[in-house]
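First up is the structure itself, then whatever we jot down about it.
As the structure is a prediction and not an experimental result, all values here were calculated from the model.
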Amino acid sequence: MDNYYKTREHQCITKSKHGVDALQSLPESLAELGVKKPLIVTDPGVVGAGLLDHVTGVLEQAGYSCAVFDQVVPNPYVETVGSATQVYKDNGCDCLIGLGGGSSMDTAKGVGVEATHEGNILDWEAEKRDLERRIAPLITVPTTAGTGSEITVWAVITDAARKFKFNVGGPLLSPHIAIVDPRLHVSMPPYITAGTGMDALCHAIECYTCHWSQPQTDAAALAAIEYGAQYLRRAVGNGQDIEARYGMAMSAHLAGIAYGSDSAGAIHALTQTLGGYKPELHHGPAVGATLGAFMEYNWIGNPQKFRRIAEALGVDVGGLSDRDACLLGAQAIYDLAEDIGIPSLADLGVSEDEIPQLAEAALNDPQNCGNARDMDKQGYEWLYKRCLGCI
Ligand code: NAD
């Protein structure tokens with residue numbers, strides 16, 4: 001309740017352009033920023049889906065030439081950012097286009113930092129050192145509907161030496177313009193749609209219930225949950241459903257706004273540290289595999305809000321006790337995960353003997369603080385055991 005007695009801040013300095021064919025506004029966006037030579041940062045899957053050609057086509061038609069770095073990997077490394085920065089410098093680029101999911105957009109953010117600061121991205125880990133300058137002009141073009149990285153003030157980068165995914169962040173890292181075009185999402189296969197969509201829902205649920213929440217982010221988070229509940233099944237079931245793709249793109253985008261200037265919560269502490277240990281693991285499915293248990297565990301930290309989440313998920317909570325309403329909200333998430341084919345944590349390669357080490361790592365992640373329910377090692381062990389079916 002301290003929040004009422006503290007002056008809080010909320011700002012979102014990224015301009016959003018969104019809608020079917022919003023990508024056509026890319027050349028005018030470059031002109032708005034007064035830049036001429038972009039580096040497109042993307043990954044082989046996005047290239048394979050034909051999306052890079054689509055973007056370079058729009059640029060060429062408007063007379064722009066660009067350089068390309070297409071070697072982003074999931075859970076991108078410090079070295080991934082370094083290689084992309086080298087291409088940026090070698091080609092005399094003056095701006096960035098982050099084209100892809102969170103991995104590509106975060107790598108582009110990292111290049112934006114390295115282009116304007118000394119050292120490498122590792123030197124700018126959040127909570128150790130604040131950024132000093134605005135990053136190089138960055139246009140984000142998401143091709144997944146999940147992380148909301150197109151509008152968040154965070155980049156998540158993997159330090160292989162520590163097996164740790166660290167954050168770099170702050171308003172100076174905000175993308176300058178986000179172009180959200182659901183046409184770029186129709187090529188996502190169902191399992192990526194499902195995992196990234198659960199990530200968007202998770203951001204909204206965590207941010208709505210964490211101690212840093214505030215009315216502005218609450219509004220965005222609740223709408224994000226409603227969009228997710230309405231459209232995620234449809235987007236997975238029929239990838240060409242452009243209304244569902246737009247709805248999910250907006251779910252992710254609004255959840256990104258809710259992510260605001262603060263962090264998420266226990267699930268992101270858990271899944272981000274898990275991703276550090278198992279870099280081959282995709283972030284979205286891991287989030288989807290743990291969100292139901294998170295709801296079950298966390299509701300006692302803020303029953304009113306978890307009750308409201310249940311409503312936003314479509315549960316009729318009329319006449320129910322808080323306990324029943326909140327647990328039905330958790331069940332709604334379990335049902336959604338099952339309907340859209342989210343794998344279990346065991347299927348994702350996590351085993352019971354790893355729990356103590358993984359729980360300890362989650363507890364030490366900075367996103368742990370602010371979670372609706374106070375977390376300790378036993379809490380994270382409970383979450384892992386519940387997801388692995390041990391309890
Ligand atoms: P991703 O960027 O790793 O992409 C996953 C896969 O989807 C890739 O193989 C990619 O090629 C493919 N893909 C993407 N778009 C496609 C399309 N339209 N058609 C076909 N294939 C497509 O996945 P993600 O979940 O978007 O991002 C995860 C990363 O983002 C993690 O590193 C996570 O920690 C980070 N993250 C960042 C933030 C933030 O605020 N910056 C928030 C949450 C998570």
Side-chain angles (χ1 to χ4, degrees), residues 146 190-191 193-210 221-222 224-233 235-236 248 251 255 264-275 281-303 305-317 320 322-350 352 355 358-359 362 367 371-373 375 378-391:
Y191 77 98
T193 305
T196 52
M198 289 300 269
D199 193 24
L201 263 177
C202 180
H203 291 162
I205 290 171
E206 285 194 291
C207 293
Y208 182 59
T209 55
C210 81
L222 274 176
I225 296 167
E226 288 181 356
Y227 273 104
Q230 187 176 352
Y231 289 116
L232 183 50
R233 284 182 178 86
V236 172
M248 281 315 300
S251 177
I267 285 296
H268 271 76
L270 185 152
T271 51
Q272 211 165 290
T273 48
L274 181 60
L281 196 87
H282 278 172
H283 177 72
V287 168
T290 44
L291 186 55
F294 165 89
M295 305 265 290
E296 264 190 280
Y297 190 79
N298 269 263
W299 74 269
I300 63 165
N302 197 333
K305 279 195 155 178
F306 277 95
R307 184 186 182 96
R308 184 71 186 80
I309 289 169
E311 267 188 291
L313 289 170
V315 176
D316 180 0
V317 300
L320 296 182
D322 280 347
R323 183 174 196 280
D324 287 347
C326 294
L327 291 179
L328 279 177
Q331 189 56 47
I333 290 292
Y334 281 125
D335 291 346
L336 175 60
E338 189 179 339
D339 289 349
I340 62 175
I342 294 289
S344 71
L345 220 46
D347 291 339
L348 291 170
V350 179
E352 203 180 335
I355 291 179
L358 292 172
Q367 294 174 99
N371 188 61
R373 179 171 176 174
M375 293 303 293
Q378 285 72 29
Y380 282 109
E381 286 181 347
W382 187 93
L383 285 174
Y384 269 113
K385 284 182 185 162
R386 187 71 163 165
C387 294
L388 289 175
C390 311
I391 46 175

Between L313, L327, T209, which is the residue that forms a side chain to side chain contact (heavy atoms under 4.5 Å, CB included) with M295?
-> L313
Check the pair L348, H282 against side-chain contact (heavy atoms from CB on, under 4.5 Å), reporting the backbone distance first and the verdict last.
-> CA-CA 9 Å; L348 291 170; H282 278 172; over 6 Å; no
Spell out, as yes or no, whether a donor-acceptor pair under 3.5 Å connects the side chain of Y334 to the backbone of A293.
-> yes
Smallest separation among heavy atoms of P303 and C326, with atom names = O-SG, 3.5 Å
Sequence neighbours left out, what pairs pass salt bridge (Lys or Arg N to Asp or Glu O under 4.0 Å) with at least one residue falling in residues 194-203?
-> none
Sorted by chain and residue number, the side-chain hydrogen bond (donor to acceptor under 3.5 Å, both in side chains) partners of R307 (sequence neighbours excluded) come out as D322
Report the distance from atom CZ of R323 to atom CD1 of I300, rounding to the nearest 0.5 Å.
-> 10.0 Å
Without swapping roles, check the side chain of E206 against the backbone of I267 for a donor-acceptor pair under 3.5 Å.
-> yes
Can you check whether I342 reaches M198 side chain to side chain, under 4.5 Å on heavy atoms?
-> yes
In terms of heavy-atom contacts, C202 and V287 come closest through CB-CG1, 3.3 Å
Within-4.5 Å side-chain heavy-atom neighbours: L358 and Y380 = no
Between the CG atom in L388 and the CG atom in L383, the distance rounded to the nearest 0.5 Å is 11.0 Å
Please tell me if the side chains of L336 and L201 come closer than 4.5 Å, counting only heavy atoms from C-beta onward.
-> yes
Under the side-chain contact (heavy atoms from CB on, under 4.5 Å) criterion, do I309 and I225 qualify, and how do the steps go?
-> CA-CA 7 Å; I309 289 169; I225 296 167; 4.0 Å; yes
With E311 via side-chain contact (heavy atoms from CB on, under 4.5 Å) - residues at least two apart = R308, V317
Any pair counted as salt bridge (Lys or Arg N to Asp or Glu O under 4.0 Å), so long as it reaches residues 332-342, sequence neighbours left out | R233-D339
Backbone N or O of A266 within a donor-acceptor pair of the N371 side chain at under 3.5 Å?
-> yes
Which heavy atom in A286 sits nearest to a heavy atom in L345, and how many Å separate them?
-> O-CD1, 4.5 Å
Atom OG1 of T273 and atom NE2 of H268: how far apart are they, to the nearest 0.5 Å?
-> 11.0 Å
In sequence, state the C-alpha distance, the side-chain angles, and the governing distance for Y384 and L270, and then conclude on side-chain contact (heavy atoms from CB on, under 4.5 Å).
-> CA-CA 9 Å; Y384 269 113; L270 185 152; 3.5 Å; yes
Heavy-atom closest contact (A204 atom, A224 atom, distance) = CB-CB, 3.8 Å
Shortest non-hydrogen separation from C387 to A289 and the atoms involved = SG-O, 3.6 Å
Using ring pair (Phe, Tyr, Trp, His ring centres under 6.0 Å) as the criterion, list what pairs up with Y191, not counting sequence neighbours.
-> none
For G228 and S251, which heavy atoms make the closest approach, and how far apart are they?
-> N-OG, 3.6 Å
Please name all residues satisfying salt bridge (charged side-chain N to carboxylate O under 4.0 Å, His left out) with E296, sequence neighbours left out, ordered by chain then number.
-> R386
Evaluate side-chain contact (heavy atoms from CB on, under 4.5 Å) for F294 paired with I205, printing each intermediate quantity in order.
-> CA-CA 10 Å; F294 165 89; I205 290 171; 3.9 Å; yes
Between atom NZ of K305 and atom OH of Y208, what is the distance when rounded to the nearest 0.5 Å?
-> 5.5 Å
Spacing of L320 atom CG and D316 atom CG [to the nearest 0.5 Å] | 7.0 Å
